[in-house]
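Scroll down for the structure; my scribbles are underneath it.
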Amino acid sequence: MFIEDDELRGLYKAASAEHIETIEAGLLHLEKNPEDQQQLQALLRATHSLKGDSRMLGVGDAETVTHQMEDLLSEVEQGDRILSSGLCDLLYSGLDAVRKIAHTAVTGEQTDVSVFHVMAQLMAGDDADIPSGPAATLDIIQGDETVEIDPAATLIQVAEETEPDLAAELNQLLKQSPSDQGQSKPAETPTTSPYQVDTVRVEAAKLDQLMTQASELAVTKLRIAQRLGEVEQLATLREQWTTDLQAQQLSLTPLKQQLSAADAMLVDQVLQVHQQRLSALSFQIENLKAQVGEDSTRLDITANQLEVGIRNLRMLPVAGLFQLFPRMVRDLAKQQQKQIELVLEGTDTLADKNILEQMQAPLTHLVRNAIDHGIETTAERMAMGKSETATLRLRAYQLGSSIAIELTDDGRGLELTKIQETAIRRGLHTETELARMTTSQVQSLIFAPGFSTRTQVTEISGRGVGLDVVRANVERLQGTIQVRSIPSQGCTFQLTLSSSLTTTAVLIVEVNQHPYAIPLEYVDKMISVTPDQIFSLEGHPTITDQDQPLSVMWLSDVLELPTEQDRHETERTNIPCVILQIGSERLGLFIDQLVDQQDIVLKPQSKLLKRIRNITGATILGNGEICMVLNPQDFLQATQGMDDLTLSEHLHEAVTSKVLLVEDSIPIRTQMKRILQGAGYDVTAAVDGQEGLEKLQADRFDAVVSDVEMPNLTGLEMTAQIRQRQEYQQLPIVLVTTLAKEEDKRRGQEAGANAYLTKGDFDQTLLIETLRRLIAS
């Protein structure tokens, strides 16, 4: 059912989301504190309100389910039923169904909710198991005969004897229920829906537009300030004109004595007219200068107040982000048979709404990682003398002008020996280099691309994606991530981020007569280099800085800009060089000229330009010129492994890694090919496993992406045959399939796949990051 009225639809969207959030939080609390009658009353009120809203707006399915949930909670309140773990599971299931029904009501998108079977399970309570399919039956032996019983019909029959109206409603729901909705589905890992701030008093999109307009106002403010400078130049010109006129008057005095009285009077009149007009011009210029100065000051104050006001409106408490995790931790802990208590602290800490939205994925990855890798099983904790219940603490707090988010667990911590062994095995460092590292430096190696001390890819803690993706996401938000760990006592991840993303301090540089902005947090220092200071080290242009070799390159080469032939000629005496510090890596960039340092309002890229390499966004300078804002993190990726080829040639090779795509479905094959090509890969497609093997033998590929269920030769069979060949032992293979059972994933691992991604929760970013990591390693 879709709500046609725009205003009512918006109201129901906000109200239902709030009620569902309250109900879920209440259930999580009551499950741990079943004696809390006050919380039970609040839960009943929220359920009743959601039922009333649904009835009023004609969302009948949501009303039906919430009514039954309310009945169950009422029985708990009256003492007729115990709030057991099984009953909570049923209530969660009902709440998930209501969430989907509400989503359909406000978007029109159909869901796979079978209201009849949700109702059947809720009516059975936690006392019986109701088969999930409408055709499901039970065989009961009576004497020498086996009688087949339909539980759905039995349930309706019982309802007809007690509540005829309810029986009629169940009959109607059974008729509406699709025959295939009740079929059992593979168990899926519990997860959260993407966190999206829809409204902040006003629609978030309109707030973003206001921020953009405020940035335009800031540009106008700068241009008016420039006009004031131009008026001052006019005032200076007027002063020079006055001085020249006075000098001319003095020089004409001897000449006037040689003229007649009439001619001398005429000269005096002309000079007097010029003096009067010059005085009038002086008055106008001074008046204009005062007015422009006053207008500039007022505009400066107003623009700053407007920008600060809009920025404050965008600031939201992190409670909205943190509330996504209690349910997820509860479900994952139950799935892993672990006892975990999640503690949330600092939920009133404020941060920009964009930060909250974009921090969901990194935090989700870290939470999953902590539950799967960090926290021991109950038996292991008891053997170590620890409490049976592990503590997972999510904390936010203000840190100067930034905010810090910490995730701490009291699990097994990081094992330095395994980290060092993995670093050596993957060729990241030698034993000698590791011996010189501090404990903190060794622990930080877990953020290296493709780093993992585990050989098994699990669904819970990343599905084959390492912590380098978390670090990349954090750095994309202009933040940093650090790890602290004590063996057998626990681990802490600290994420430090700017509390606002609306303004960015940048260094403006000029290349090929065009300005480019480099975020100031990546700039270590600026130096001047002479040509004789540049030497070659392993084929790379290098200089010496702080007694250490430092790789350098021309920014125009990184950006693949056309350059004049004499640009690199050595007769240039001094070359401006910007030294970047990106994490623990340093890099020098040669530029044409340093222009300015200023705060800008970053305009993000269009979704159509989401994957433009080396570019974060754009801004408008005070002179009205568009300036691209660079992404220094891409510079390092572009220059790793560079040899004597030019940087442009290297970049061309880096983005043309060849991928073999094996998929029998035409729509999925087309979409996957577009995704891979959009990420810069050269894609060759095959329609099944047999053709995939043939194309693999006919050409060289850097990775294989394949479906599992295909005709002629399945993805598992193809993978196994690939691994039988010695030359393909290190070839990355990623399986993307709808098969999501643990048994299926184990079969994929046994066949030799490096990563196993399920289409049910498919994320193109996850696929691209997985490919990038595997190809790089």
Side-chain angles (χ1 to χ4, degrees), residues 399-402 436-438 440-441 444 447 471-472 474-482 496-498 501 503-538 540-559 561 563 567-568 570 572-600 602 614-617 619 621-622 627-640 642 647:
L399 194 64
S401 60
S402 302
R436 291 197 297 263
M437 290 185 180
T438 65
S440 176
Q441 290 173 329
S444 297
F447 298 113
R471 182 181 65 176
V474 172
E475 290 178 347
R476 193 175 297 119
L477 294 173
Q478 306 170 19
T480 60
I481 181 170
Q482 295 178 321
T496 305
L497 305 127
S498 172
L501 296 179
T503 57
T504 303
V506 297
L507 177 69
I508 307 295
V509 302
E510 185 177 289
V511 177
N512 284 14
Q513 300 180 351
H514 290 283
Y516 293 90
I518 303 175
L520 208 57
E521 67 260 25
Y522 296 109
V523 177
D524 181 30
K525 60 183 177 180
M526 293 160 284
I527 62 174
S528 181
V529 178
T530 58
D532 58 1
Q533 293 176 307
I534 305 173
F535 59 95
S536 179
L537 180 62
E538 298 180 352
H540 304 168
T542 308
I543 63 173
T544 300
D545 181 68
Q546 300 176 354
D547 297 326
Q548 295 291 328
L550 176 68
S551 294
V552 292
M553 65 200 62
W554 286 90
L555 179 57
S556 58
D557 285 341
V558 177
L559 301 178
L561 300 175
T563 56
R567 215 284 313 279
H568 295 289
T570 56
R572 185 169 181 177
T573 55
N574 290 291
I575 309 172
C577 181
V578 179
I579 298 180
L580 305 179
Q581 180 82 38
I582 309 166
S584 59
E585 303 291 336
R586 301 176 78 242
L587 176 68
L589 289 179
F590 290 141
I591 60 174
D592 293 344
Q593 184 178 350
L594 292 171
V595 179
D596 193 11
Q597 174 184 330
Q598 61 181 251
D599 291 336
I600 63 164
L602 179 64
N614 301 322
I615 301 297
T616 297
T619 190
L621 302 179
C627 175
M628 306 306 295
V629 181
L630 303 179
N631 183 7
Q633 297 178 39
D634 286 351
F635 298 167
L636 287 181
Q637 298 176 8
T639 57
Q640 289 175 351
M642 196 172 65
L647 185 59

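Any value given below was found using the heavy atoms of this structure, including those in side chains, with hydrogens, waters and symmetry copies removed.
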Would you please test Val578 and Ile591 for side chain to side chain contact (heavy atoms under 4.5 Å, CB included) and show each step?
CA-CA 8 Å; Val578 179; Ile591 60 174; 3.9 Å; yes

List the steps, then state whether side chain to side chain contact (heavy atoms under 4.5 Å, CB included) holds for Phe590 with Val511.
CA-CA 9 Å; Phe590 290 141; Val511 177; over 6 Å; no

Side chain to side chain contact (heavy atoms under 4.5 Å, CB included) assessment of Leu580 paired with Val523
CA-CA 5 Å; Leu580 305 179; Val523 177; 4.2 Å; yes

I'd like to know whether Val558 forms a side chain to side chain contact (heavy atoms under 4.5 Å, CB included) with Leu589, so could you lay out the CA-CA distance, the side-chain angles of the two residues, the decisive distance to 0.1 Å, and finally the verdict.
CA-CA 9 Å; Val558 177; Leu589 289 179; 4.2 Å; yes

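Taking the side chain as every heavy atom from C-beta outward, Leu555 and Leu630 approach each other to under 4.5 Å. Between Val595 and Pro515 the shortest side-chain heavy-atom distance does not fall below 4.5 Å. Between Ile543 and Ile527 the shortest side-chain heavy-atom distance falls below 4.5 Å. Between Leu559 and Tyr516, some side-chain heavy-atom pair lies under the 4.5 Å cut-off. A 4.5 Å side-chain heavy-atom check between Thr542 and Val552 finds every atom pair outside the cut-off. When side chains are defined from C-beta on, Gln597 does not count as touching Met526, because their heavy atoms never get closer than 4.5 Å. Side-chain contact between Thr530 and Ile575 is absent, with no heavy atoms from C-beta onward closer than 4.5 Å. Side-chain contact check for Ile579 versus Arg586: some heavy-atom pair is nearer than 4.5 Å.
Annotation for Ala517 and Cys627: closest pair N-SG, 3.5 Å, computed over non-hydrogen atoms.
Panel note: side chain Asp592, backbone Asn512; a donor-acceptor pair is recorded below 3.5 Å.
The structure places CZ of Arg471 at 9.0 Å from OG of Ser444, a figure rounded to the nearest 0.5 Å. Rounded to the nearest 0.5 angstrom, Lys525 NZ and Gln581 CD are separated by 10.5 Å. Leu497 contributes atom CG, which lies 9.5 Å from atom CD1 of Ile481 (distance to the nearest 0.5 angstrom). Taking CG of Leu594 as the start and CD of Glu510 as the end, the distance is 10.5 Å to the nearest 0.5 Å.
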